[in-house]
Amino acid sequence: MLINFSALIYLNGLILLGGLYQEVVADPKQNAELYLKLFDDKMYNKRLRPVKDETDAVNVAIDITINRILEVDERLQLVKFIVWYRLYWTDQLLSWDTDEFNITSVSLDPNMAWRPDVTVYNSAEQPYVPEI
């Protein structure tokens with residue numbers, strides 16, 4: 001069975017591919033082989049959109065939760081929040097045959113995979129410029 005996994009990213013956490021709340025016990029050797037298959041320099045480039053057909057779009061869904069209101073300035077009409085946001089998308093290039101590897105999900109460093117470039121449009125502060 002070939003599975004194409006969706007990715008869930010936390011801003012400063014891990015990327016989780018596969019089942020979100022599923023405990024996975026995998027053979028370390030199989031895990032290492034899967035990482036080599038997924039991130040071989042010739043096969044995966046995190047700087048390119050994760051699609052097999054270049055005409056395909058990468059649909060990104062965003063969940064935003066207001067964690068705390070820090071400050072309200074009525075005169076300047078500004079509100080400062082602490083927000084948590086999660087981004088969801090499908091990375092078509094991070095897929096594998098679960099029958100071959102017997103692994104249904106992996107966790108990885110967010111710097112290993114493509115991430116969407118998302119900025120708050122009407123932020124009162126300078127926009128975040130991602131490192132390239």
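With values rounded to the nearest 0.5 angstrom, N102 atom CG is found 11.0 Å from L34 atom CG. To the nearest 0.5 Å, atoms CH2 (W96) and CD (E33) are separated by 14.0 Å.
Here D63 pairs with Y88 under the side chain to side chain donor-acceptor pair (under 3.5 Å) rule; sequence neighbours left out. Judged as a side chain to side chain donor-acceptor pair (under 3.5 Å), and not counting sequence neighbours, the contacts of D53 are T55.
Closest heavy-atom contact between P50 and L93: CA-CD1, 3.9 Å. Taking all atoms of both residues into account, the shortest heavy-atom contact from S95 to K52 is OG-NZ, 4.0 Å. The shortest non-hydrogen separation linking A57 to V51 is O-CG1, 4.2 Å. The minimum heavy-atom distance between A113 and L108, with the atom names listed, is CB-CD1, 4.1 Å.
Formation of a donor-acceptor pair under 3.5 Å by the R68 side chain with backbone atoms of F81 is not found in this model. Checked by atom type and distance alone, the side chain of R49 pairs as donor or acceptor with a backbone atom of D56 at under 3.5 Å. The backbone N or O of R115 lies less than 3.5 Å from no partner atom in the side chain of K46, so there is not a single donor-acceptor pair. When atom types are taken as modelled, the side chain of E71 and the backbone of K80 share no donor-acceptor pair closer than 3.5 angstrom.
By the 4.5 Å heavy-atom criterion applied to side chains, Y44 and M112 are not counted as neighbours. Annotation: side chain of N67 is not in contact with side chain of V83 (no heavy-atom distance under 4.5 Å). At least one side-chain heavy atom of W114 sits under 4.5 Å from a side-chain heavy atom of V58. Using a 4.5 Å heavy-atom threshold, the side chains of T98 and I103 count as separate.
At a threshold of 4.5 Å between side-chain heavy atoms, the hydrophobic network of Ile, Leu, Val, Met, Phe, Trp and Tyr places I62 and W89 in one connected group. The hydrophobic cluster containing I66 also contains Y85, counting ILVMFWY residues as joined when their side-chain heavy atoms lie under 4.5 angstrom apart, directly or transitively.
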